[in-house]
K.L.:
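Take a look at this one; I'll ask things after.
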Amino acid sequence: MHRRTFLRTTVGAAASLAVASSLTERARAATAPFARPRVSEDVLSQHYPFVLPPLGYANDAVEPAVDAQTMSIHHDKHHATYVTNLNKALETQTALQGKTLRELLTGLATLPDGVRTTVRNNGGGHANHAMFWMLLAPGGAKTPSGALASAIVRDFGSVTACLAAMKTAGLGQFGSGWSWLMRDGGGKLTVRGLPNQDSPLTDGMRPVVGIDVWEHAYYLKYQNRRTEYLDAVLATVNWDAAAIAYA
Ligand SMILES: [Fe+2]
């Protein structure tokens, strides 16, 4: 075979194999059982020095809802920065270094003035994003079932009404924040928008589903079309993960 033809054939075959392999990997991930159901709880159990867990799936695993570039920047840069800044804030706060992230967020009001806002923003950012990655994990049920589905029907009338409430909260959140489905101590569900990186835990609630509506979560792909982003992400939620958060 002529050298140029050989090279073209070999390179072409390698590229085809790489594409096929990537597609196979994505197909496998999309149908795999949900493998990291407790990463959000694990992060709430962390204490200083806090660590960014790996995303746990490929950056392009939930395309087209979330594009690979946004996923990569969101996890590797934005979430990483919350972790770095939280660690910086507690570097000299030896009395707080043994507290778990859950204790810091639920006890925010008891923290010293000089560190409270930084923990609220960056501790909240760490906890909220850990939950978000878990909720976007490929695989898992695409609609709620079991006890969570029953609670949703009881408190909203239907799953459709619950999702509509989450979308309305996400659209209505002025500036940066999150749309939250959360439960109280008795299991009653509510939907609320919270600003910035505020955690439902600080209000004594337990987060069940959180949708990030900061522009960094969608602007590269959706620009100002937050409503399209919300539709796509709400259709992507891994309800097996949400059921674990609810239970
Ligand atoms: Fe975010």
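Both ligands and their constituent atoms are indexed starting at 1 by order of listing.
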K.L.:
Going from OG on S40 to CD1 on I244, what distance comes out if it is rounded to the nearest 0.5 angstrom?
P.N.:
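Result: 10.5 Å between the selected atoms.
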K.L.:
So does H79 have any N/O/S atom less than 2.8 Å away from the Fe ion (ligand 1)?
P.N.:
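No N, O or S atom of H79 is closer than 2.8 Å to the Fe ion (ligand 1), so no.
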K.L.:
Quick check for you: to the nearest 0.5 Å, what is the distance between S199 atom OG and W180 atom CH2?
P.N.:
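Answer for the OG-CH2 pair, S199 versus W180, is 6.0 Å.
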K.L.:
Answer with yes or no after comparing the ring centroid distance for W214 and H74 against a 6.0 Å cut-off, counting only values under it.
P.N.:
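When the ring centroids of W214 and H74 are compared, they turn out to be at least 6.0 Å apart.
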K.L.:
Please report, to 10°, the angle around the Fe ion (ligand 1) from atom NE2 (H216) across to atom OD2 (D212).
P.N.:
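Seen from the Fe ion (ligand 1), NE2 and OD2 are separated by roughly 120°.
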K.L.:
Strictly under 2.8 Å, is the Fe ion (ligand 1) approached by any N, O or S atom of H74?
P.N.:
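Yes.
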K.L.:
Can you say whether the rings of H129 and H216 are parallel (under 30°), tilted (30 to 60°) or perpendicular (over 60°)?
P.N.:
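Ring orientation, 0 to 90° scale: tilted.
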